[in-house]
4 protein chains.
Amino acid sequence: MRAAVIHAPHDLRIDDIADQPMGPNDVRVRIGAGGICGSDLHYYHHGGFGTVRIQTPMVLGHEIAGTVLACGSAVASVQPGDKVAVNPSLPCGACRYCLEGRSNHCLDMRFYGSAMRNPHVHGGFREELVCTETRAVVLPPGVSVNEAAFAEPLSVCLHAASQAGPLLGKRVLVTGTGPIGALLIMVARQAGAREIVATDLLDQPLAKAREVGADRTVNIRTEPDGLTRYGNDKGYFDVVFEASGAAPALAAALAAARPGATLVQVGIGGDATPPVPLNVVVAKEITVRGTFRFHQEFAWAVDFIANRRIDVRPLLTEIVPLAEAVRGFDLASDRSKAMKVLLAF
Amino acid sequence: MRAAVIHAPHDLRIDDIADQPMGPNDVRVRIGAGGICGSDLHYYHHGGFGTVRIQTPMVLGHEIAGTVLACGSAVASVQPGDKVAVNPSLPCGACRYCLEGRSNHCLDMRFYGSAMRNPHVHGGFREELVCTETRAVVLPPGVSVNEAAFAEPLSVCLHAASQAGPLLGKRVLVTGTGPIGALLIMVARQAGAREIVATDLLDQPLAKAREVGADRTVNIRTEPDGLTRYGNDKGYFDVVFEASGAAPALAAALAAARPGATLVQVGIGGDATPPVPLNVVVAKEITVRGTFRFHQEFAWAVDFIANRRIDVRPLLTEIVPLAEAVRGFDLASDRSKAMKVLLAF
Amino acid sequence: MRAAVIHAPHDLRIDDIADQPMGPNDVRVRIGAGGICGSDLHYYHHGGFGTVRIQTPMVLGHEIAGTVLACGSAVASVQPGDKVAVNPSLPCGACRYCLEGRSNHCLDMRFYGSAMRNPHVHGGFREELVCTETRAVVLPPGVSVNEAAFAEPLSVCLHAASQAGPLLGKRVLVTGTGPIGALLIMVARQAGAREIVATDLLDQPLAKAREVGADRTVNIRTEPDGLTRYGNDKGYFDVVFEASGAAPALAAALAAARPGATLVQVGIGGDATPPVPLNVVVAKEITVRGTFRFHQEFAWAVDFIANRRIDVRPLLTEIVPLAEAVRGFDLASDRSKAMKVLLAF
Amino acid sequence: MRAAVIHAPHDLRIDDIADQPMGPNDVRVRIGAGGICGSDLHYYHHGGFGTVRIQTPMVLGHEIAGTVLACGSAVASVQPGDKVAVNPSLPCGACRYCLEGRSNHCLDMRFYGSAMRNPHVHGGFREELVCTETRAVVLPPGVSVNEAAFAEPLSVCLHAASQAGPLLGKRVLVTGTGPIGALLIMVARQAGAREIVATDLLDQPLAKAREVGADRTVNIRTEPDGLTRYGNDKGYFDVVFEASGAAPALAAALAAARPGATLVQVGIGGDATPPVPLNVVVAKEITVRGTFRFHQEFAWAVDFIANRRIDVRPLLTEIVPLAEAVRGFDLASDRSKAMKVLLAF
């Protein structure tokens, strides 16, 4: 079958790869849609990030959904013909972090399309995928695989929101309105935020941010002092989701956050060790908390997408055939044109 | 009366200053002891820190205790002859932060010996001080003013501990074992920590750290890999108190912290915006939380000192007469010789 | 002017009462709508609840909104002609609870229409009310006073939700679907609950519960085992809002709650000291937490009503003229016919 | 070998029981000491509690320590000759609660000396016990098995303390000063409580309470109004540990607790469904939280006992030979004479 395989920076190929054997607890999924994620783009442009680098060619993709073709003999919860979102995260269930309920920190995690382990765990940008039953979350009737492909990034955002504590009645700032920032806006809205302000350097994603729930947006490039007033009387926002990974955004957000606020750092940018105004963190007793992947939130995400309490459709830019994956990756890299690009298989 | 007044970097003078008038809610205190704090040393060496700079000469000192000489007509809780610890913090009690229970972030704070306001609020390194009754916390019989002068830095550490959540059963790392680090060790012990490891660049404070409760100490200068093993399997410590303000200490602490750990940043160093390994904060979902001064903890501190559940005496290096204040400041600046230096008045 | 005054159980009169004088910080409000609350009904039927009993005739009413007629000379935030929701809660701002941010526990609270103090604090079921500026929260254009009269009970529910911790992704049970239960369903939905089940003894309020967001309802009278299945494997619900005040509902809810769940007790019923299955609380480590009135949530409530993220209109049963207040109280007492009854003035 | 076996209420026999086979992951322990617990006494006097009743004869005992006699071939962390505390709790490690970090709520728990399962899980009041390696926690040199037998009840108390949130600086009330209450006092002291008041109906355990750390005690039988003053201004205590299981104690504790306080219900008494003043829980927004057994705290308890930061020796009343177990149980039942009675094997 065909798959989108990264060989080296800017060397993404549609390779023919071998079929996978099936065990009694496995299901075979015809992949229908795969979202191109920021980490896929890091592999594509840079071969990885930080210390995580592709050592050998790897199938990309971890935002995937499809239709079940066949089930192993011990499979009970899934049937052929079911549409499923595929959970790319498979913790071991036995290490100390798994037994603490922190399975996103599993010491033996198998996460699709990730070069953290060696040999790498191949991803889901492929025509068919064999996975363990527990990864396949059945969709209710009427949910398209295109929407279901958002379950993974939405899980990331639901987990990030959980790191922030209750959002009901809170004033929320989202810095960076790519797909993750946009989904965070939708999650914050869904979680009862009282007011949501969002920033970015580009007008196009900010327009989308307003469309999906931001009360106000600030283009930091054209309006560099746009957050300044929020810093009066020691600050305004109760919660910040920093989704840009840019040091200036972090600094501006800390200035606009009120004493005792929580800033959730969602992903990082090119600089893994940026300068951070710790004096502000100290003087305002701000909580800066990292967020990493997700766990139980994948099931929530499928629910929220299925009942459209979170409607991801405004974020879908284009569906690109696998054969044109390179064009898809290039489109997804252009933030002025694309929010979320899906591959079709 | 005489007072220790900072005029400019390295220009600390014993000036004759005017007496203060007394109102009905005030008490007059004969200052008996005043601890030299790190922020006093910043004013002494650098004229301030960050954007906080002395504009006009200012009496230093905010770790003070003494004996009540006289009480205003409306004073009820204090009597002449009482020994008192003087709380240098006086929030307004009316701003939004005060009414939220976050009075350490008061918008109209009057904190002794601080150049944050203009005109500055003079401090307590003076022979006599007139203060509002609410600042004067009566000591039980048998507590010396020398011990009571530790109430303020101990309050800072109790507040820092509160920022960390429960410490019972926790593994704790303290980076930097000056007076604040040493008191943090005592507080962590008092709060039920299961294990305490402390680091510094000097052997002398580390010896003191062991004396007051650290289970193990690491001299990072002579044993630069001394924390490395704690980074195995994603980390070891549940809680870190970062009391050095040094970027390498912060980086090493983050590496040694386990997923979900809390790092409390206690004060900052010369670099207000140091590089921070945010990738580690994100990947291990670490909570980095600032801590700033204290509030209700001042009363706790007096209690803990009075009943010697926290015995501060091992931290007292020398009592220096006010006339020799410059020698006292120089001694306090030499971490190889001094832990806490008190002035006597 | 006329007002609805409770003299004794079942002795509610439309009395002529004196005008109130106005100070410089006061505003005079023409009351437009007043919601009849459960506590109003307790005064009407029983003369009070627990140890709180009317000693002298008292104007009822604390869910009120109206139009500003005049403003004192020092009033800045409100203008004649403004529509306002009136906050019935006025904490002292000076006691220890106020300074802790727990002003709903103020030692000197003045709450409209409450017999907790003596002399009682008269309420707002009157044609005109003079109140301090801080009580008057201006409504944006387009919001009716009828909707704004829901700000108070909605505040109660927002505060109750805050007592439960984050609701995002949670499974929520609401027992008792009177006006408070129904608003709790709307708040839980707004706060991102994943699933909401509601119970009551009557079909009519359960139908309304489904209309405003419950995923499933159970009539405990006709389907007494309707919650039993949720008790399998130690329980199902993460959060319970117990809004019936009935001991059997509390017992059933504890059985259906999962280990570690939080049950928020919202108000109480006729028995102030009901039997509680503490063995279940212990064995499943359930958190039972009381909730009492509200504080900062009043402003949130006005926002949520104004932008209709919470649309209270389906809960409005009938608007009854003040002259027919007794009929209004009788109607509000009949849960098979009424959800929320408003008085018009 | 001989074991203490409960057959029916007041029918405790020293039976000869069969040896247990050993697997590769097992260790054989020569039991040295076994503490008689309140639940052992419930089986002895009443045949169980609530719905948990002995159906068939069961070896009692779950507070046990001893010396390792032999190790299975796969055992790595324990050696013959080691002294060990034996953890009576063995969660499955696979159910949803185990994978959430709530293994004390395991759906397939095997807890020694408990009739919750059928067939019952026999306990440790026996000369030799074969258990899986993970249950055997090695003691450092110098710790006696008599002290180590307190690891289990101390674990219960450490877990109860964790349910209360941070205790540093808190005012704590402990109602009921049997072995659990006394250990709770020691834990609260260890966790940094500022003040500890304890109540009971008997002078003897109250004297012991003062010995192990209570600042003040109240005999509720002889001084029934002894807690009344703490109810002034809505209450005094931040945290209550209710360890008596008596409804009047719970009511008095709620009256003495301040708004926002946490009451941890530690075990229950004869009435599984006592009357609870929910009106007070609601009006003061008190958190009532159950606590059930323990998990990670067993290892902490062994540490605290071993380094004597918690010195359990004052609680040891008498060591009774197994042959006199009935006398030991009768002694342990007399709260005027006994705190903790150990059996020797």
In short, C:V282 meets D:T291 closest at the heavy-atom pair CG1-O, 3.3 Å
Given the options C:H105, C:R293, C:R289, which has more heavy-atom pairs under 4.5 Å with chain D than any of the others? C:H105
Of the listed D:P277, D:G245, D:A247, the one with the largest count of heavy-atom pairs under 4.5 Å with chain C is D:P277
Side chain to side chain donor-acceptor pair (under 3.5 Å) partner of D:E285, chosen from C:H159, C:R102, C:Q265: C:H159
With a strict 4.5 Å heavy-atom criterion, list every residue of residues 225-243 of chain D that contacts chain C, or say none. D:N232, D:D233, D:K234, D:G235
For the atom pair CG (D:N279) and CD1 (C:I268), what is the distance rounded to the nearest 0.5 Å? 4.5 Å
Applying a criterion of heavy atom separation less than 4.5 Å, what residues of residues 254-261 of chain D form contacts with chain C? D:R258, D:P259, D:G260
Of the listed residues (C:V281, C:V264, C:L263, C:V266), which shares the most heavy-atom pairs with chain D below a 4.5 Å separation? C:V281
Applying a strict 4.5 Å limit to non-hydrogen atoms, the region of C:F49 in contact with chain D is neither
Contact part of D:L278 toward chain C, heavy-atom cut-off under 4.5 Å: side chain, backbone, both or neither? both
